[in-house]
2 protein chains.
Amino acid sequence: MEKTADAPTFDPACPMSAFPVQIGDKWTAMVVLCLEARPRRFSELRQLLGSVSAKVLTDTLRAMERDGLVSRSVFDENPPRVEYRLTALGRTLLQLVDAARSWARDNLDDLLSARRQHDDMPLPSPR
Amino acid sequence: MEKTADAPTFDPACPMSAFPVQIGDKWTAMVVLCLEARPRRFSELRQLLGSVSAKVLTDTLRAMERDGLVSRSVFDENPPRVEYRLTALGRTLLQLVDAARSWARDNLDDLLSARRQHDDMPLPSPR
DNA sequence: CTGTATCCCCTACGATACTG
DNA sequence: CAGTATCGTAGGGGATACAG
């Protein structure tokens, strides 16, 4: 590696390096979407997400809380009620997650059909 | 779940569901960045990424190829030379990945300091 | 209702060694 | 140079059972 004009392509100290671990897991991005309109209860989130186990949703929410993305409010009622809401920092993710959703809407079909085509003929030519 | 006004928050059939598996892994997003300026050789990508093993980079590139995000060109030379480049579909990810990078630049400090603060006093108050 | 506590599986990731 | 082959580990994700 001797010259310039190449360099700026990728900065190894780029904050991106830390990014995927934040919303790259299975549920974080969708939790953000679920909390966009208003705070949600634990059980409400479970329903909206559809197939997540209590443990994993708890893990996800705890991690998001730790990172300052959501806040947790406990109401001392009976039965107990807990609400999760996006923090200001969490809200900053909305644009990004929405961009991801748009990308998926626009391009996922192409990606999946490329994948199907690739899987149909995996052999380049056996000779 | 009986009513409206809530509904549009989250569509369970949303293509987002399939999204994280694509760029949510550790290296895909950064490979996209590395290929932004021009095609790159295998070894070049390894250097740019810094710490990835040959196996994992191969796995990543094969998966991206399968999904139509990158194309692979073999030049019949000696020593062998292989170049990877973004496809048109792969290029559509650039905006998104760049948005992710921008988010990280703008907000990662906040996230990390929230995390530090959370980790310092994990006890809400033992009373 | 809102979680915790276990157990288990699978896969992403990585280190190392080797090949065309 | 550009991979493949193998092996090993950690932890994300899920099912189930139980608790405050």
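Each chain gets a letter, A, B and so on, in the order the sequences are listed, and its residues count up from 1.
- Between the B/Thr87 side chain and the B/Gly68 main chain, a donor and an acceptor come within less than 3.5 Å of each other.
- With C/dG3, D/dG3, C/dC1 as the candidates, the nucleotide lying closest to the side chain of A/Pro79 is C/dC1.
- Atom CG of A/Asp106 is separated from atom CZ of A/Arg101 by 12.0 Å, given to the nearest 0.5 angstrom.
- Among the protein residues, A/Phe75 comes within range of no part of the nucleic acid, since none of its heavy atoms lies under 4.0 Å from any strand.
- In this structure, CZ of A/Arg72 is placed 12 Å from C1' of C/dT4, rounded to the nearest angstrom.
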Return the polar atom pairs (N/O with N/O) between nucleotides 18-20 of chain D and the protein under 3.5 Å, or none.
none

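- Residue contacts for A/Arg46: at a heavy-atom cut-off of 4.0 Å it reaches no nucleic acid atom on any strand shown.
- The pair B/Glu44-B/Arg38 counts as a salt bridge, with a side-chain nitrogen and a carboxylate oxygen less than 4.0 angstrom apart.
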- Note on the structure: Under a 4.0 Å heavy-atom criterion, the protein footprint on nucleotides 9-15 of chain C, written with B, S and -, is ----BBB
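- Between the CD atom of B/Gln47 and the P atom of D/dC1 there is a distance of 9 Å, given to the nearest Å.
- A sub-4.0 Å separation between OP1 or OP2 of D/dA2 and a side-chain N or O of B/Arg41 is present.
- Relative to the ring axis of B/Phe75, B/Arg81 places its NZ or CZ within 45° and under 6.0 Å from the centre.
- Ionic pairing of B/Arg116 and B/Asp120 is not present here: no N-O contact between side-chain nitrogen and carboxylate oxygen is shorter than 4.0 angstrom.
- In this structure, the CD atom of B/Glu44 is 12 Å from the C1' atom of D/dC1, given to the nearest Å.
- In this structure, the CG atom of A/Leu57 is 14 Å from the P atom of C/dC1, given to the nearest Å.
- A salt bridge is defined here as a Lys NZ or Arg NE, NH1 or NH2 lying under 4.0 Å from an Asp or Glu carboxylate O, and B/Asp59 with B/Lys55 meets this definition.
- Note that CZ of A/Arg105 is 7.5 Å distant from CG of A/Asp98, once rounded to the nearest 0.5 Å.
- One atom, CD of A/Glu77, and another, P of C/dT2, lie 10 Å apart when rounded to the nearest Å.
- A straight line from CZ of B/Arg81 to C1' of D/dG3 spans 16 Å, rounded to a whole angstrom.
- Phosphate contact (OP1/OP2 of C/dG3, side-chain N/O of A/Arg62, threshold under 4.0 Å): present.
- Computed from coordinates, the A/Arg40 CZ to C/dT2 P distance equals 13 Å when rounded to whole Å.
- For the pair A/Asn78 CG and C/dT2 C1', the computed distance is 12 Å after rounding to whole Å.
- In plain terms, the two heavy atoms of A/Leu49 and A/Cys34 that are nearest each other are CD2-SG, 3.8 Å.
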